[in-house]
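Reviewing the structure listed below.
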Amino acid sequence: MASDLEREAAAYGIISRYKGIDGEWVDSPGPALRALIDILAGTGPPASEKLPTPWPPQPQASPGCLCHLPSFLEQSRVWGITCQLYGLRSRRNWGIGDFEDLAQLCELAADQGADFVGVNPLHSLFLAEAGRCSPFSPSHRRFLNPLYIAVDQLQGCAGQEPHRLEELRQAPLLDYEAVAQEKMFALRRIWESSASRVPAAFVEEGGEALRLHALFEALSAHLTGKGRGGGWHAWPDAYRHPDSVQVQAFEAERGDDVSFYVWLQWIADQQLREAARRASDAGMRIGLYLDLAVGTAPDGSETWSDRALTVVGAEIGAPPDMFNPAGQSWGLAPTSPRALEERDFQPLRHSYDAILRHAGALRIDHAMSLYRLYWIPEGFTAAEGGYVLYPMKGMLRSLSDASRKAQAIIIGEDLGVVPAGFRKAMQESNLLGYRLFFFERDECGFVPPEEWPSSALACVGSHDTATLAGWWKGRDIDVRYALGLLDAKGRRKQQEEREQERQEAINLIRSRLGREVGKDYGPEVAAAIHALVATTPCRLMAVQLEDLLGLEEQPNLPGTIAGHPNWRRRLPVALEDLEDHPHFRAVVAAVAAERPRVE
């Protein structure tokens, strides 16, 4: 029998008891449940005083609402390359990968038989506080990060190259602050000297959201220059609301600044559109595979512009698991389930439409957010949170409508704690899943490739896992130990487990491919593992650029802030030299042989 507290929590859509990743039941602490109830009570009365039956309700698809799947996927399995766009190195960029690099990578990949190129989220971050560089903690998800603008492709760029250009290009790690300073200075001068202005159609389509975002960016730059932070939580009270007298006065006085940030969005949009066009012209049938972060920073443009859409007093994250025994707090503001329903999911639809403008596929980060999100109330640890339900049918309807309108494939990142019935609802919605070689294991070892599902995107690892070389050599274990995330006993245990997993992988290569590989990592091992994944029935397969180069270090190490250069690593090989790299040639040949392009 549920307690009074559990029934009250349920009335607000809070699940007080859930299954952890180990299959064991976990009860959210009473004080945390009370805090979540109080937070949600601030958004309105409970949906029902009666505990729904069954509780919690099962994930459900919205009847007749199917995401787009192109007909060519019925006859063929395709592949593509994924990259961290900021990390691309080229002989022409300004120390950060840009939209011209993206276009060139698409053309290079298409020549190898790839049908898509995937990138990290391209959302707008904090231009005035460029060190806040996580692409998964955006300021606004509807708008683009202007640091990806290829300055040298703009008319009027001659003479704007910074004196530090070669230094920025050669740096092993991305210096966001220096790159932002140089790019913004050059872009402002180009804008001031340019006769072209933003088309009225772009401004009209962007509407009030575009105006407010540009206003936020202008205010953020102005107040950061006065010693305040880039996010609105650090601003004086007078500037914390877009309708305040002081903000209106700022807009009237600094209209040129606001117009400049509108121009940046237009330029970024045009260059991303051009990259998509070049991908299609090169023969790619999917093109750009973009990424939508699960939430936004609590002090960014999106929350400043629309305060009622997000909830104050909690952050979203994940409960404890084998990789993060203390749980995770992602520092992102939860969207209000009530506000979404009251607005007929229009804010969500606007985000989908914006990101799908130039995409042939979209990855939904933490797809379980379509059903529930793990909220952590302020003052509690990540292990003390609870799940809050979202209106899944309405969210899926909005997503499928946007997918069909854009003719774009949708991939849901369904890793971690996946509730019973969720993957069935995904399949009924044509929402593809996400399968990683490292995680596809059962009590017998690695799941044989022929047993993987067809309705998924397959890959070896992701930006949040070890690279293939790092996994094979145990580099990720050593890094976690060096950072104090593992003790000596835990390190030895994981090393022993990894030795067994590596041998299981060698055995699987022998039994499924008829190849012999040794324990020393090299192009042959990389090609064999990727060939294994390529043989799966999965409709899509993605190959990370880090694995195409045999790199050991991963882009991001979850659970770390300091001590690991998350989102700052740059590839050691220039874009112009990729095709000559032995790892690149070996892996691409192996994957293309298993997944030839069938027109």
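None of these values were measured; they are calculated from a predicted model. Heads up: numbering here begins at 1 and tracks the sequence.
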### Query
Between C106 and F116, is a side chain to side chain contact (heavy atoms under 4.5 Å, CB included) present by the stated rule, with each step listed?
CA-CA 7 Å; C106 287; F116 63 87; over 6 Å; no

### Message
Between R142 and E302, is the salt bridge (charged side-chain N to carboxylate O under 4.0 Å, His left out) condition met? List the steps.
### Response
CA-CA 9 Å; R142 281 183 60 183; E302 195 163 344; over 6 Å; no

### Task
Please test T536 against R595 for side chain to side chain contact (heavy atoms under 4.5 Å, CB included), starting from the C-alpha separation and ending with a verdict.
CA-CA 10 Å; T536 66; R595 292 178 174 246; 3.5 Å; yes

#### Entry: Derivation and outcome, side chain to side chain contact (heavy atoms under 4.5 Å, CB included), residues E579 and L108
CA-CA 8 Å; E579 291 177 286; L108 181 156; 3.8 Å; yes

#### Entry: Audit row: L102, R278, side chain to side chain contact (heavy atoms under 4.5 Å, CB included) steps and yes/no
CA-CA 10 Å; L102 176 58; R278 287 166 62 178; over 6 Å; no

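With no hydrogens or angles considered, a side-chain donor-acceptor pair links D269 and H358 at under 3.5 Å. Of the N and O atoms on the side chains of S124 and N145, not one donor lies less than 3.5 Å from an acceptor on the other residue. Residues N93 and D101 have side chains that bring a donor and an acceptor to within less than 3.5 angstrom of each other. Between the side chains of Q265 and W263, not a single donor N or O lies within less than 3.5 Å of an accepting N or O. Between the side chains of T560 and N566, a donor-acceptor pair is found at a separation under 3.5 Å. Side-chain N/O atoms of Q170 and E166 include a donor and acceptor closer than 3.5 Å.
Here the rule is ring pair (Phe, Tyr, Trp, His ring centres under 6.0 Å) with F216, and of W235, Y239, W232 only W235 fits it.
Proximity of W472 to V525: side-chain heavy atoms (C-beta onward) are separated by under 4.5 Å at one or more points. At least one side-chain heavy atom of L85 sits under 4.5 Å from a side-chain heavy atom of F99. Side-chain contact between V119 and L288 is absent, with no heavy atoms from C-beta onward closer than 4.5 Å. Residues L348 and L399 have side chains not in contact (no heavy-atom distance under 4.5 Å, counting atoms from C-beta outward). Contact of the Q544 side chain with the L548 side chain is not registered, since no non-hydrogen atoms from C-beta on lie closer than 4.5 Å. Side-chain contact between L415 and L436: present, with at least one pair of heavy atoms (C-beta onward) separated by less than 4.5 Å. Side chains of T296 and L332 form no contact here, defined as non-hydrogen atoms less than 4.5 Å apart. In this structure, I529 and Y521 have side chains that are not in contact, with every pair of non-hydrogen atoms separated by 4.5 Å or more.
Aromatic rings from H463 and F136 are positioned such that their centres are separated by under 6.0 Å.
In this structure, R515 does not pair ionically with E524, as no charged nitrogen and carboxylate oxygen lie closer than 4.0 Å. Salt-bridge check for R585 with D580: failed, with every basic side-chain N at 4.0 Å or more from each acidic carboxylate O. Residues E100 and R92 are not paired through a salt bridge, judged by the lack of any N-O separation under 4.0 Å between the basic side chain and the carboxylate. Of the charged side-chain nitrogens involved, none lies within less than 4.0 Å of a carboxylate oxygen, so that R568 and D175 do not count as a salt-bridged pair. Ionic pairing of R141 and D365 is not present here: no N-O contact between side-chain nitrogen and carboxylate oxygen is shorter than 4.0 angstrom. Salt bridge status for R189 with E192: absent, with no side-chain N to carboxylate O gap under 4.0 Å. In this structure, D577 pairs ionically with R91, as a charged nitrogen and a carboxylate oxygen lie closer than 4.0 Å. A salt bridge links D414 to R435: at least one charged side-chain nitrogen sits closer than 4.0 Å to a carboxylate oxygen. Salt bridge status for R357 with E205: present, with a side-chain N to carboxylate O gap under 4.0 Å. At a threshold of 4.0 Å, the pair R569-E553 counts as salt-bridged, since one of the basic side-chain nitrogens sits closer than that to a carboxylate oxygen. A salt bridge links R132 to D299: at least one charged side-chain nitrogen sits closer than 4.0 Å to a carboxylate oxygen.
Here the CG atom belonging to N556 is positioned 11.0 Å from the CG atom belonging to N120, to the nearest 0.5 angstrom. Atom CZ of R597 is separated from atom CZ of R285 by 6.5 Å, given to the nearest 0.5 angstrom. Note: L174 CG to I96 CD1 = 5.0 Å, rounded to the nearest 0.5 Å. The CG atom of L432 sits 5.5 Å away from atom CG of L69, with the distance rounded to the nearest 0.5 Å. Summarising the geometry, atom NE2 belonging to H140 is positioned 13.0 Å from atom CG belonging to L125; distances are rounded to the nearest 0.5 Å. To the nearest 0.5 Å, the span separating OG1 on T82 from CE on M541 amounts to 10.0 Å.
When atom types are taken as modelled, the side chain of K473 and the backbone of L468 share no donor-acceptor pair closer than 3.5 angstrom. In this structure a side-chain-to-backbone donor-acceptor pair under 3.5 Å is missing from T224 to A221. Not one N or O on the side chain of E167 forms a donor-acceptor pair closer than 3.5 Å with the backbone of R164. R89 contributes a side-chain N or O that, together with a main-chain N or O of R169, makes up a donor-acceptor pair within less than 3.5 Å. Between the side chain of T303 and the backbone N or O of G300 there is at least one donor-acceptor pair closer than 3.5 Å. Between the S90 side chain and the L575 main chain, no donor and acceptor come within less than 3.5 Å of each other. Side-chain atoms of S76 come within 3.5 Å of backbone N or O of F72 as a donor-acceptor pair. With hydrogens and angles ignored, the 3.5 Å screen pairs no side-chain donor or acceptor of S137 with any backbone N or O of S134.
Minimum heavy-atom separation, R570 to A171: NH1-O, 2.9 Å. Annotation for A234 and G229: closest pair CB-N, 3.7 Å, computed over non-hydrogen atoms. Residues R363 and D291 approach most closely at NH1-OD2, 2.9 Å, considering heavy atoms. In terms of heavy-atom proximity, G550 sits nearest to A469 at O-CB, 3.6 Å. Residue P146 comes nearest to L187 through the heavy atom pair O-CD1, 4.4 Å, listed as atom of the first residue, atom of the second, then distance. Looking at every heavy atom in both residues, S220 comes nearest to A128 through OG-CB, 3.5 Å.
In this structure, H222 and F250 have tilted ring planes: the angle between them lies in the 30° to 60° band. In this pair, W471 and F437 present their aromatic rings perpendicular. The plane angle is above 60°, beyond the 30 to 60° band. Between Y176 and Y86, the ring planes lie tilted relative to each other; the angle falls in the 30° to 60° range.
A cation-pi arrangement, defined by a distance under 6.0 Å to the six-membered ring centre and an angle within 45 degrees of its axis, is present between R197 and W191. Under the 6.0 Å distance and 45° angle rule, R188 counts as a cation-pi partner of F260.
Within a 6.0 Å sphere centred on CZ of F185, other residues, nucleotides and ligands contribute 12 heavy atoms or fewer. In Q155, the CD atom is not crowded: 12 or fewer heavy atoms of neighbouring residues, nucleotides or ligands sit closer than 6.0 Å.
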